[in-house]
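Everything below concerns the one structure shown next.
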Protein chains: 2
Amino acid sequence: MRTSSSTADTKGEPLESTLEARAELFQDAMGFSGIADREIKKLAAMATLRRFAKGQMVFEQDQPCDYFHLVASGLVKVYICSASGFRMTYLLARRGEPLNLVGPFTGDPRFLCAEAMQATDVAHISRHDFVRFVADNPILFSNIMAILSKAVDSANSRIIDMVEKRVEERLLRVLLTLLDKFGAEIRLTSAELAELAGTTVETTLRTMARLRNLGIIESERGQITIIRPASLKNPERLPLWV
Amino acid sequence: MRTSSSTADTKGEPLESTLEARAELFQDAMGFSGIADREIKKLAAMATLRRFAKGQMVFEQDQPCDYFHLVASGLVKVYICSASGFRMTYLLARRGEPLNLVGPFTGDPRFLCAEAMQATDVAHISRHDFVRFVADNPILFSNIMAILSKAVDSANSRIIDMVEKRVEERLLRVLLTLLDKFGAEIRLTSAELAELAGTTVETTLRTMARLRNLGIIESERGQITIIRPASLKNPERLPLWV
DNA sequence: TAGCCTCTATGACCACGGTCATACAAAAGC
DNA sequence: GCTTTTGTATGACCGTGGTCATAGAGGCTA
């Protein structure tokens with residue numbers, strides 16, 4: 001199953017990039033608003049880019065967290081994996097989105113995996129550089145806390161969903177969330193949707209067939225198109241975040 | 001159902017306390033290690049104590065977060081409540097444990113409620129004072145991040161549990177976690193256990209009967225005693241935190 | 001002592017969804 | 001070209017656990 005190609009701490013292929021390109025990346029990255037250009041430049045100088053092929057791991061569970069990761073292009077799924085192999089995706093990160101906001105502060109191994117879903121470039125900053133930079137720019141703390149706040153709420157909301165919502169409702173919520181983030185054309189397989197909704201491929205396919213019959217979605221291999229977004233309006237107050 | 005007695009932002013009864021007593025509270029509070037005595041004194045000077053009766057709300061969902069809360073005595077459950085009334089307890093906080101680490105940074109309303117399970121005293125610090133204090137003592141950031149890291153892992157672990165573990169396993173994990181934190185005598189009702197394990201009272205009672213027959217626990221009204229802790233060793237690597 | 005509420009206990013019912021099975025189409029590899 | 005892998009599709013089965021029901025025991029107040 002594992003498709004990572006190299007040793008533990010040097011994943012992906014090094015990638016040449018200009019300081020300007022990296023600065024532009026951090027400029028409008030999630031959580032980095034309100035930082036002076038001069039400081040952004042410092043950040044860009046500390047960063048290196050690496051390229052990952054589809055299916056390659058950006059980081060794996062139980063490994064110490066030595067780097068802060070920020071997606072520069074492509075798409076990465078961050079998921080948690082149980083002992084029995086069950087996977088739960090809880091973040092689809094594209095350009096400008098960090099993969100691990102918490103990890104660099106403690107450095108401890110976590111239970112998360114990150115895997116490239118397409119050819120993807122990721123910026124790396126050593127955890128020490130990152131933590132020192134955050135300490136020098138306290139506004140980052142508020143930004144990070146705001147993001148963590150949403151992440152924790154989303155996780156708690158998911159717990160409630162798992163126990164009291166039926167699969168169809170969970171899938172609809174996932175689709176609605178994906179619609180907000182990626183638009184009406186969602187290029188994911190049923191297996192990937194299942195990992196987002198916390199169910200199996202079979203049940204996802206069955207439910208998708210029902211939604212298709214209702215005229216809510218259309219689907220072909222590797223792609224779902226939402227036809228009638230209005231019909232899946234989310235009655236839940238609790239936020240879901242992907 | 002709601003038993004809160006007063007207006008939104010002035011819950012509980014004001015309580016006289018000495019600066020020394022409050023300093024002692026913060027001294028060994030979770031997340032406040034490594035702070036100089038002089039700073040702790042400042043913190044204690046900003047805090048006020050309030051007393052809550054059993055069943056009283058410390059804060060409720062959808063209210064802006066104006067205060068940082070730290071339990072001084074008693075026991076508080078922090079839970080999330082869905083639209084349909086389903087509750088999921090995810091923190092039992094006793095002396096030295098904060099109720100809301102994230103909220104004060106954003107001030108935004110969250111989806112959490114906190115309710116006193118016994119007569120309880122809680123220290124309050126205005127969110128602005130708290131945020132300024134954290135900015136002045138950056139070590140607090142690392143401490144808070146370490147706590148959040150565990151909280152997020154625990155939430156993610158719970159999501160996995162909900163979807164792939166049976167109720168009996170979830171209950172055993174909850175009991176094991178409570179054993180670690182409170183000892184073998186757990187003074188909770190089946191309804192409270194159910195909210196911790198994400199199930200119903202009936203199923204909890206049925207499962208408890210099974211565990212009793214197996215000689216793993218004994219129980220009487222409002223109390224469970226773990227007889228054979230060894231038999232509920234936790235095979236899961238993922239942490240559960242309460 | 002009566003009355004009420006909370007907590008515990010257990011039976012009956014059944015639906016949701018996980019598991020296993022088979023099948024086929026589309027893409028990918030050789 | 002052929003084979004293999006991946007993704008989609010659907011049927012059959014059935015176990016877990018939620019829901020609703022009833023009942024009794026312990027604790028509290030008047």
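Computed from heavy atoms alone, side chains included, the values below leave out hydrogens, waters and symmetry copies.
Atoms CE (B:Met208) and P (D:dG17) sit 16 Å apart, rounded to a whole Å. The CZ-C1' distance, from A:Arg210 to D:dA9, rounds to 14 Å in whole Å. Distance A:Leu193 CG to D:dG7 P: 12 Å, rounded to the nearest Å. In this structure, B:Gln223 atom CD and D:dG27 atom C1' are separated by 15 Å, rounded to whole Å. Between the NZ atom of A:Lys54 and the P atom of D:dT5 there is a distance of 16 Å, rounded to whole Å. Distance CZ (A:Arg166) to P (D:dG18): 15 Å, rounded to an integer number of Å. In this structure, the CG atom of A:Asn213 is 10 Å from the P atom of D:dA9, given to the nearest Å. The separation between A:Leu205 atom CG and D:dA12 atom C1' is 17 Å, rounded to whole Å.
Electrostatic pairing of A:Glu13 and A:Arg50 does not count as a salt bridge here, judged by no charged N lying under 4.0 Å from a carboxylate O. Comment: A:Lys54 does not engage A:Glu115 in a salt bridge, judged by the lack of any side-chain N to carboxylate O separation of less than 4.0 angstrom. Salt-bridge formation is not detected for the pair B:Glu218/B:Arg212: no Lys NZ or Arg NE/NH1/NH2 atom is positioned less than 4.0 Å from an Asp or Glu carboxylate oxygen. By the 4.0 Å N-to-carboxylate-O rule, B:Glu220 lies too far from B:Arg187 to be salt-bridged with it. Salt bridge status for B:Glu16 with B:Arg51: absent, with no side-chain N to carboxylate O gap under 4.0 Å.
Annotation: the terminal axes of the helix from C:dT1-D:dA30 to C:dC30-D:dG1 meet at 40°, where each axis is the rotation carrying the C1' atoms of four end pairs onto the next four (5 pairs per end, rounded to 10°).
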Note to self: For a side chain to side chain donor-acceptor pair (under 3.5 Å) check, start with the C-alpha distance between A:Ser17 and A:Arg22, then their side-chain angles and the critical distance, and finish with the verdict.
What the structure shows: CA-CA 7 Å; A:Ser17 63; A:Arg22 277 172 281 152; 3.1 Å; yes
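Near-neighbour residues of DNA chain C inside residues 183-192 of chain A, defined by a heavy atom below 4.0 Å, are absent.
Residue side chain B:Arg206 reaches the base of D:dT19 through a donor-acceptor N/O pair under 3.5 Å, judged by distance alone.
Bracketed by its first and final contacts, the part of DNA chain C lying under 4.0 Å from non-hydrogen atoms of chain B reaches from C:dT6 to C:dA12 in 5' to 3' order.
Using a 4.0 Å heavy-atom cutoff across all strands shown, A:Arg221 reaches at least one base atom of the nucleic acid.
Between A:Phe52 and A:His124, the ring-plane angle classifies as parallel under the 30° and 60° cut-offs.
Dashed line: the shortest gap from a side-chain N or O of A:Arg212 to OP1 or OP2 of D:dA9 is under 4.0 Å.
Side-chain contact between A:Ser157 and A:Arg173: present, with at least one pair of heavy atoms (C-beta onward) separated by less than 4.5 Å.
The residue among B:Gly222 and B:Val163 whose nearest nucleotide of DNA chain C lies closer to the 5′ end is B:Gly222.
Taking every heavy atom of both residues into account, B:Ser84 and A:Glu164 meet most closely at OG-OE1, 2.6 Å.
Side chain of A:Asn213 to main chain of A:Met208: no donor-acceptor pair is present (N/O by atom type, distance under 3.5 Å, no hydrogens or angles). Counting only distance, with no hydrogens or angles, the side chain of B:Glu192 and the backbone of B:Thr189 share a donor-acceptor pair below 3.5 Å.
Both tests hold for A:Arg94 against A:Phe182: distance to the six-membered ring centre under 6.0 Å, angle to the ring axis within 45°.
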